[in-house]
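What follows is one structure encoded as structure tokens, with my remarks underneath.
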Protein chains: 2
Amino acid sequence: MSNKIKITEEQLKLIEKLGVVFEKLGLTPAAARIEGLLLVADNTELTFDEIRETLNISKSATSNAINMMLSMDRIEYITKPGDRKRYFRTHIANWKDSVKEKFAETGMLHEIMKEVLQQRTASTKEFNKSLSEFISLFEYLRKEIPLLFKKWEATRK
Amino acid sequence: MSNKIKITEEQLKLIEKLGVVFEKLGLTPAAARIEGLLLVADNTELTFDEIRETLNISKSATSNAINMMLSMDRIEYITKPGDRKRYFRTHIANWKDSVKEKFAETGMLHEIMKEVLQQRTASTKEFNKSLSEFISLFEYLRKEIPLLFKKWEATRK
DNA sequence: TTCTTGGTTCTGCAATAACAGAACTAAAGA
DNA sequence: TCTTTAGTTCTGTTATTGCAGAACCAAGAA
């Protein structure tokens with residue numbers, strides 16, 4: 001008996017499209033498609049075999065992709081009483097945090113650029129000025145973006 | 001005669017550090033190190049062979065990395081009268097734009113998520129609500145972040 | 001005309017990534 | 001006890017990436 005779930009042509013196309021986007025954001029092809037499936041499928045909680053058979057990927061690819069995404073907190077799973085299977089779903093609640101993290105990533109650049117400026121010879125005045133301007137842009141964004149998140153959260157309540 | 005430029009131990013270490021960061025941001029190892037060199041070297045305008053010999057990379061790697069970064073507008077070059085060589089330097093002025101672009105990248109996610117929400121079954125109410133909340137966060141950020149850039153620019157004048 | 005300079009392009013290799021398929025395993029039924 | 005379920009882990013293959021080294025090339029210089 002097949003565990004394939006019903007999926008329309010349109011949904012499949014959208015999954016492919018999402019796959020491309022998620023690949024660009026760093027997921028493997030298989031993981032990207034799983035994310036896509038969990039986003040567009042009518043049933044948002046799917047088992048290992050439903051995912052595997054619907055997307056036609058191997059057990060190993062499914063297992064590795066799922067565990068990778070669990071460890072990244074991109075997906076999560078629930079269980080049901082008297083059922084050994086896990087039901088996987090995207091962890092949308094965490095998406096906001098992962099966007100925050102993405103922004104924080106640029107903070108890494110900010111730190112090292114400060115180090116560069118400190119170590120640079122003082123003789124290249126124009127260059128150093130441009131660099132310090134760039135750094136202060138980051139400083140500004142770093143201060144303001146968290147405020148933006150807070151402001152948005154405030155509008156939700 | 002060697003074209004190697006003088007570089008301190010400290011500068012070399014910083015170049016490696018920058019290399020790691022730039023690799024994470026999508027550059028190849030060679031390109032990442034060239035960016036690093038152009039950022040920390042006392043002389044900010046270096047020739048093909050100065051780059052190549054200082055970093056000990058092959059001609060082909062140097063050529064490919066430079067052309068890739070030229071096409072990405074991450075570096076630029078100047079020439080000097082009666083000198084066939086090109087002098088490469090990082091295009092710091094463009095960095096601001098590339099940060100803007102980075103933020104715009106997330107706009108891609110925003111568009112496709114709207115498409116997902118439209119195609120979704122209406123029956124998964126909780127899920128759809130979370131999704132639409134996520135989308136509106138993006139809408140908010142997309143509106144507010146350009147304003148942030150403008151506000152920062154205003155403080156510079 | 002040949003040589004030198006400042007690169008570019010081609011060929012081949014080594015490392016890594018992503019996956020399939022098959023063997024394996026731990027827990028729960030039967 | 002044996003079997004099924006729900007995966008995990010191992011082995012091997014294929015595709016891709018990043019690079020070195022060498023051949024190549026176009027524009028002056030000699």
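Just so it is clear: chains get the letters A, B, ... in the order the sequence lines come, proteins before strands, and each one is counted from 1. Values below: every heavy atom of this structure, side chains too, minus hydrogens, waters and symmetry copies.
Residue B:K85 contributes atom NZ, which lies 14 Å from atom C1' of D:dA27 at whole-angstrom precision. Taking atom NZ on B:K59 and atom P on C:dT5, their separation rounds to 11 Å, with Å as the unit. Between B:R52 atom CZ and C:dT5 atom C1' the separation is 13 Å, expressed in whole Å. Taking atom CG of A:D49 as the reference point, atom P of D:dT5 lies 10 Å away to the nearest angstrom. Look at CZ on A:R86: it is 5 Å from P on D:dT8, rounded to the nearest Å. Between the C1' atom of C:dG21 and the CD1 atom of A:I57 lies a distance of 14 Å, rounded to the nearest Å. The distance from atom CG of A:L46 to atom P of D:dG7 is 12 Å, rounded to the nearest whole Å. Regarding A:D83, its CG atom lies at a distance of 17 Å from the P atom of C:dA27, rounded to whole Å.
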Set out, line by line, the N/O atom pairs under 3.5 Å between protein and nucleotides 28-30 of chain D.
none

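A salt bridge does not link A:K85 with A:E50: none of the charged nitrogens is closer than 4.0 Å to a carboxylate oxygen.
B:E144 contributes atom CD, which lies 13.0 Å from atom CZ of B:F149 (distance to the nearest 0.5 angstrom).
Each of A:L27 and B:I66 lies near DNA chain C, and the nucleotide nearest B:I66 is the one positioned closer to the 5' end.
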